Number of protein chains: 2
Amino acid sequence: MAEGPTINTIARRAGVSIASVSRVLNGLPTREETVRRVLSAAEELGYVPNSVARSLKNRRTNQVAFAMADIGNPVYLAMVREIQPVLRAAGYRLLLHSTDADVADELDVLRGLGERYVDGLIMSPLRVTDEHLRALAAARAPVVVIGSVPEGTGVDNVRADSRTGVRLALDHLHGLGRRRIAFVNGPTDTVPGAARAAAYREALAALGLPYDEDLVEVGDFYRADGAAAVQALLDRAADVDAIMCANDLIALGALDVLRRAGRRVPEDVAVVGMDDTYLAAVAWPALTSVSLGSARRGRAAAELLLDRLENGQREPRVVTVEPRLAVRASTVGVRAAETVESGGSSWAAGEIGAAGDGGSTGDGGEGSR
Amino acid sequence: MAEGPTINTIARRAGVSIASVSRVLNGLPTREETVRRVLSAAEELGYVPNSVARSLKNRRTNQVAFAMADIGNPVYLAMVREIQPVLRAAGYRLLLHSTDADVADELDVLRGLGERYVDGLIMSPLRVTDEHLRALAAARAPVVVIGSVPEGTGVDNVRADSRTGVRLALDHLHGLGRRRIAFVNGPTDTVPGAARAAAYREALAALGLPYDEDLVEVGDFYRADGAAAVQALLDRAADVDAIMCANDLIALGALDVLRRAGRRVPEDVAVVGMDDTYLAAVAWPALTSVSLGSARRGRAAAELLLDRLENGQREPRVVTVEPRLAVRASTVGVRAAETVESGGSSWAAGEIGAAGDGGSTGDGGEGSR
DNA sequence: ATCCCATCCGTAAACGTTTACAGACATGGT
DNA sequence: ACCATGTCTGTAAACGTTTACGGATGGGAT
C-alpha cells in the first residue's frame with residue numbers, strides 16, 4: 001500500500017516549505033513562480049489532501065448525518081432524496097443512520113455528536129420521549145428535528161400539519177357525498193398516530209358528522225394491519241362508504257380487503273391514504289392521498305441545518321409544511337382521475353392545497369411507519 | 001459553544017498524564033487507582049473521544065461509502081437496507097453518494113478515496129466505462145463493485161445472473177403454455193440492459209422458440225417507457241400472450257396499458273417483472289418477478305468489503321448471486337397465487353430457485369433504473 | 001546492601017493539515 | 001546611504017489522539 005503523498009512530499013519535491021504548499025493549495029496570495037512549482041509537484045505526485053487532517057485542524061468535517069427509523073419507509077426515502085442534493089451542493093457529505101425507531105439507538109446518535117464526526121444532524125424520531133428532549137438540549141452539534149418537538153427545545157424544527165391534512169381529505173370525501181367515513185390509524189402513542197387521531201375527530205366535528213367508535217380502528221402502520229383493521233370494520237359497520245387511512249401502507253391493505261370482499265373502490269367505498277408516497281401511484285386503483293410534504297420537509301430541514309451551520313447563534317426556527325391532497329382514482333374513479341392527471345407533481349394527479357388559513361397551527365411533524 | 005473536554009482536560013483533572021488517560025480509555029493494563037481516577041474524571045466531564053483525531057492517528061475512519069445512481073430506485077434501496085446493518089454491526093458508519101448515474105460524479109467518488117474520509121467503498125455503477133476501470137485500478141482504498149466488471153480488474157465483485165434469471169422466467173411462462181413471449185428492455189448500453197437482451201435470446205433458443213423482432217421493444221427503465229413500449233407492442237403483435245419486462249417499473253407500465261386495452265392479466269397476457277422490488281407485491285395483479293437478489297447482493301458486497309478491510313492482501317473475489325423467481329398473480333392468476341402465498345420471503349409469494357447448474361456462469365451484476 | 005526485574009507512568013513524537021509570526025529581501029522615498 | 005514599507009516565505013505551534021521509549025519505584029533474590 002504505497003503511502004499517499006502528503007503536503008511534505010510536495011514541499012520537498014518543489015523545494016519549498018509546507019506552509020507555502022498549503023498556501024498555494026488554498027489559493028492564498030503567493031509568488032507566481034512558487035505557485036507553479038507547487039502545482040506541478042502536486043500534479044505529478046497525484047496529491048489529494050487528507051480530509052481527516054484537515055477536519056482536525058479546521059474543526060469541521062463537512063459531513064452531516066440523517067437519522068430516521070428505517071430507510072425502507074417511503075416517507076424517509078422521500079426526505080433523503082431531497083436532503084442529499086441540498087447538502088451536496090453546499091459541500092457536505094451525507095451519513096445515514098437507521099435506528100429502527102429504537103430509543104436507545106436514537107440517543108446514541110445524539111450523544112455520538114460529541115465524537116465530532118459530523119457537523120450537524122437531521123433527525124426524525126417516531127416517538128419523542130423526555131430523554132430525547134434532554135439529549136437534544138445537551139447535543140454537541142446543531143440538530144434539526146423533523147417531527148414536532150415542544151416550543152423552547154432549542155432546536156430547529158420542521159413540522160407537518162396533519163390536522164389540516166386530515167381535514168382536506170374529509171372535506172374532499174364529504175364533498176363527494178360520503179357520510180360514513182371510517183378512520184384506520186396507527187399506534188396512538190407515536191407522534192403521527194396521536195396527531196392524526198385528534199385531527200380526525202376535529203374534522204368530523206367541523207363537518208357536522210358524528211364521531212362513531214365503530215368507524216375507528218387502530219393497528220400498526222403496515223399493510224397487514226390495515227387489512228386486518230378494514231376486515232374488522234366491514235364486519236362491524238357494513239355501511240361504511242369511505243375509509244381514511246393514517247398512511248399509504250394501511251390504505252394498500254384496505255384495498256386488498258375491499259377487493260376481496262367485492263366492494264368496488266371508489267363506487268362503494270372511497271379510500272384515502274396519507275403521506276402520498278409513490279406507492280399511491282402504483283396501487284390499483286391509484287390512491288388519493290394526503291401529502292404531508294415529506295420531500296418538502298426534508299428540503300426544509302436541510303436548509304435549516306445549512307443555515308444554522310453558517311450562523312450558530314441564530315434563534316431556533318419552526319417551519320411548518322402545508323399539506324396537500326393528491327386526488328386519484330380511489331376516490332373519484334379512474335375516469336375522473338385521468339382527466340386531471342396531466343398537471344401536478346411527479347406523483348400527484350390533481351393536487352388540492354390547504355384551505356386558506358396558512359396551516360401553521362400544525363401539530364404533527366411526522367413520518368409514520 | 002463550550003469547547004468539549006479533551007484527553008488533556010481529563011489528565012489535568014485526574015492528575016495524570018495524557019498517556020495514562022489514553023491507556024485507561026483503551027483498556028490497556030493500568031494500576032487500579034489510576035483507572036478509577038481517570039474514569040471518574042472522564043465521567044464528570046462528560047468526555048467523548050474525538051473521532052477525527054483518532055482517525056488521523058489510526059489511519060482509519062470507520063466509515064464506508066455506498067455509491068449508486070439513485071437511492072430512490074428500489075433496487076438500490078434494497079441494497080442499502082442490507083448493507084447498513086452489516087456495516088453497523090462491524091462498527092462502521094455508512095455514507096451515501098447518489099450519483100445520478102453521472103460518470104463524472106462516479107469518478108469523483110473514486111478519486112475522492114484519496115481524501116481518506118472512508119476506509120472503503122461499495123459502488124454500483126449503471127454503466128462501466130474504461131475510465132471506470134482505470135479509476136478502479138488507481139483507487140486509494142478497497143472497493144467492491146456490484147455489477148459485473150471484467151476479470152482482472154483487481155476489485156471484489158458481486159454479480160447478478162440475468163441469464164439464469166431470464167431463463168427461469170421464460171421456462172415458467174413456457175410451462176404455462178405461452179408461446180408468444182415479448183421482451184421489453186431498457187437501454188442496451190447499460191450493464192443490465194445488455195445482459196438481459198442476450199439472456200432473452202438465449203432463453204428463447206433453449207426453449208426452441210423463434211426470435212421475433214416484433215416482440216422486442218427497447219425504452220428506458222421507467223414506468224412510462226414500459227407503457228409506451230407495450231402500447232407499440234400491442235399495435236404490432238396483437239397475438240402476444242406474455243411479456244417479460246426488464247424491470248418492475250416497466251412491468252407496472254405494462255399493466256397500465258394492458259388494463260386500458262382490455263386485456264386480462266394473466267388470462268390474456270401474462271406479465272413478468274424483474275428485480276422483485278416491493279412494488280411487485282403492491283401492483284395489481286401482484287407481479288411475478290425475477291429476483292436478482294438485490295438484498296443478497298448488498299449483503300455480499302458489505303461482507304466482502306469488511307473482509308477486505310481486515311485482510312487487504314487477499315485475492316479479489318467474485319461472488320455471483322443466484323436469481324429466483326417470485327411467482328405471483330400476474331402469471332398464475334389471483335387464485336393460484338394465494339394458495340402459495342403463505343411460504344416464501346417477505347415479498348415473494350412462491351419462489352423458484354435456479355435450475356441445478358449452480359448459476360455461476362452469471363454475467364450481469366446489475367441494478368436497473 | 002546490592003542488583004535485577006517487573007510494573008507503572010510520563011515525555012515526546014507522530015498522524016497531515018492550517019496559520020500566526022517573524023525573518024529575508026527588494027523597492028522606493030528621503 | 002539609510003530607513004520605511006511591502007511582499008514573500010519559512011519556522012513552529014496547534015488541532016486531539018496513540019504509542020515507543022525510558023525513568024522511577026518497589027520487591028525479591030543474592
Side-chain angles (χ1 to χ4, degrees), chain A residues 1-39 41-42 45-63 112-119 140-141, chain B residues 1-39 41-42 45-63 112-119 140-141:
Chain A
M1 287 267 162
E3 291 303 327
T6 74
I7 220 182
N8 265 291
T9 331
I10 299 187
R12 270 198 305 279
R13 153 97 65 146
V16 300
S17 76
I18 61 169
S20 287
V21 175
S22 176
R23 276 189 289 259
V24 169
L25 296 175
N26 289 306
L28 298 179
T30 312
R31 189 165 52 121
E32 171 100 20
E33 158 77 6
T34 313
V35 173
R36 234 177 309 118
R37 300 245 298 274
V38 169
L39 289 185
L45 292 167
Y47 171 77
V48 181
N50 180 309
S51 65
V52 175
R54 186 177 285 190
S55 291
L56 179 58
K57 186 80 235 240
N58 293 343
R59 296 151 155 273
R60 55 208 304 281
T61 58
N62 290 310
Q63 295 187 154
L113 292 178
E115 293 178 32
R116 316 230 137 243
Y117 64 95
V118 286
D119 299 335
R140 288 269 174 75
Chain B
M1 288 268 160
E3 291 305 325
T6 74
I7 220 179
N8 263 289
T9 332
I10 299 188
R12 273 198 305 277
R13 153 96 64 147
V16 300
S17 76
I18 61 168
S20 288
V21 176
S22 176
R23 276 188 290 257
V24 170
L25 296 176
N26 290 307
L28 298 180
T30 314
R31 189 165 51 122
E32 172 101 20
E33 158 77 4
T34 314
V35 172
R36 235 179 306 120
R37 301 245 298 275
V38 168
L39 288 185
L45 292 167
Y47 171 78
V48 182
N50 181 310
S51 64
V52 176
R54 185 176 287 190
S55 292
L56 180 57
K57 187 81 236 249
N58 293 343
R59 294 148 157 276
R60 55 207 306 279
T61 59
N62 289 310
Q63 296 187 154
L113 292 178
E115 294 178 31
R116 318 227 137 246
Y117 64 95
V118 287
D119 299 335
R140 287 271 176 74

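As the structure is a prediction and not an experimental result, all values here were calculated from the model. Only this structure's heavy atoms are used, side chains among them; waters, hydrogens and symmetry mates stay out.
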Query raised in the report: Between residues 49-59 of chain B and DNA chain D, which residues have a heavy-atom gap below 4.0 Å?
Result: B:Pro49, B:Asn50, B:Ala53, B:Arg54, B:Lys57, B:Asn58
Requested in this report: Check whether any side-chain N or O of A:Arg116 sits under 3.5 Å from a backbone N or O of A:Arg140 as a donor-acceptor pair, and report yes or no.
Outcome: yes
Query raised in the report: Sequence neighbours excluded, which residues qualify as side chain to side chain contact (heavy atoms under 4.5 Å, CB included) partners of B:Val35?
Result: B:Val24, B:Thr30, B:Leu39
Query raised in the report: Considering residues at least two apart in sequence or located in another chain, which fulfil the salt bridge (Lys or Arg N to Asp or Glu O under 4.0 Å) criterion with A:Arg59?
Result: B:Glu3
Query raised in the report: Pairs in or reaching into residues 48-57 of chain B: which pass side-chain hydrogen bond (donor to acceptor under 3.5 Å, both in side chains), with residues at least two apart or in two chains?
Result: none
Report task. Tell me, please, which residues at least two apart from A:Ser20 pass side-chain hydrogen bond (donor to acceptor under 3.5 Å, both in side chains). Result -> none
Query raised in the report: Hey, which of these two, A:Glu33 or B:Thr6, hits DNA chain D nearer its 5' end, going by closest nucleotide?
Result: A:Glu33
Report task. Check DNA chain C against residues 19-32 of chain B and give the residues with a non-hydrogen atom under 4.0 Å, in numerical order. Result -> B:Ala19, B:Ser20, B:Arg23, B:Thr30, B:Arg31
Report summary line: Sorted by chain and residue number, the side-chain hydrogen bond (donor to acceptor under 3.5 Å, both in side chains) partners of A:Arg12 (sequence neighbours excluded) come out as none
Report summary line: Taken to the nearest 0.5 Å, the spacing of A:Leu113 CG from A:Asp119 CG works out to 10.5 Å
Report summary line: Residue set satisfying side-chain hydrogen bond (donor to acceptor under 3.5 Å, both in side chains) with B:Arg23, at least two apart, ordered chain then number -> none
Query - salt bridge (Lys or Arg N to Asp or Glu O under 4.0 Å) against A:Glu32, all qualifying residues, sequence neighbours excluded - result: none
Query raised in the report: Just wondering, do A:Asn62 and B:Tyr117 contact through their side chains at under 4.5 Å, heavy atoms?
Result: no
Query raised in the report: With no hydrogens and no angle check, is any side-chain donor or acceptor of B:Ser22 less than 3.5 Å from a backbone partner on B:Ala19?
Result: no
Report summary line: Computed from five pairs at either end and rounded to 10 degrees, the angle between the axes of the helix from C:dA1-D:dT30 to C:dT30-D:dA1 is 70°
Query - Terminal contacting nucleotides, 5' and 3', DNA chain D versus chain A (heavy atom, 4.0 Å) - result: D:dC8 to D:dG16
Query raised in the report: Mind checking what makes side-chain hydrogen bond (donor to acceptor under 3.5 Å, both in side chains) contact with B:Ser17, not counting sequence neighbours?
Result: none
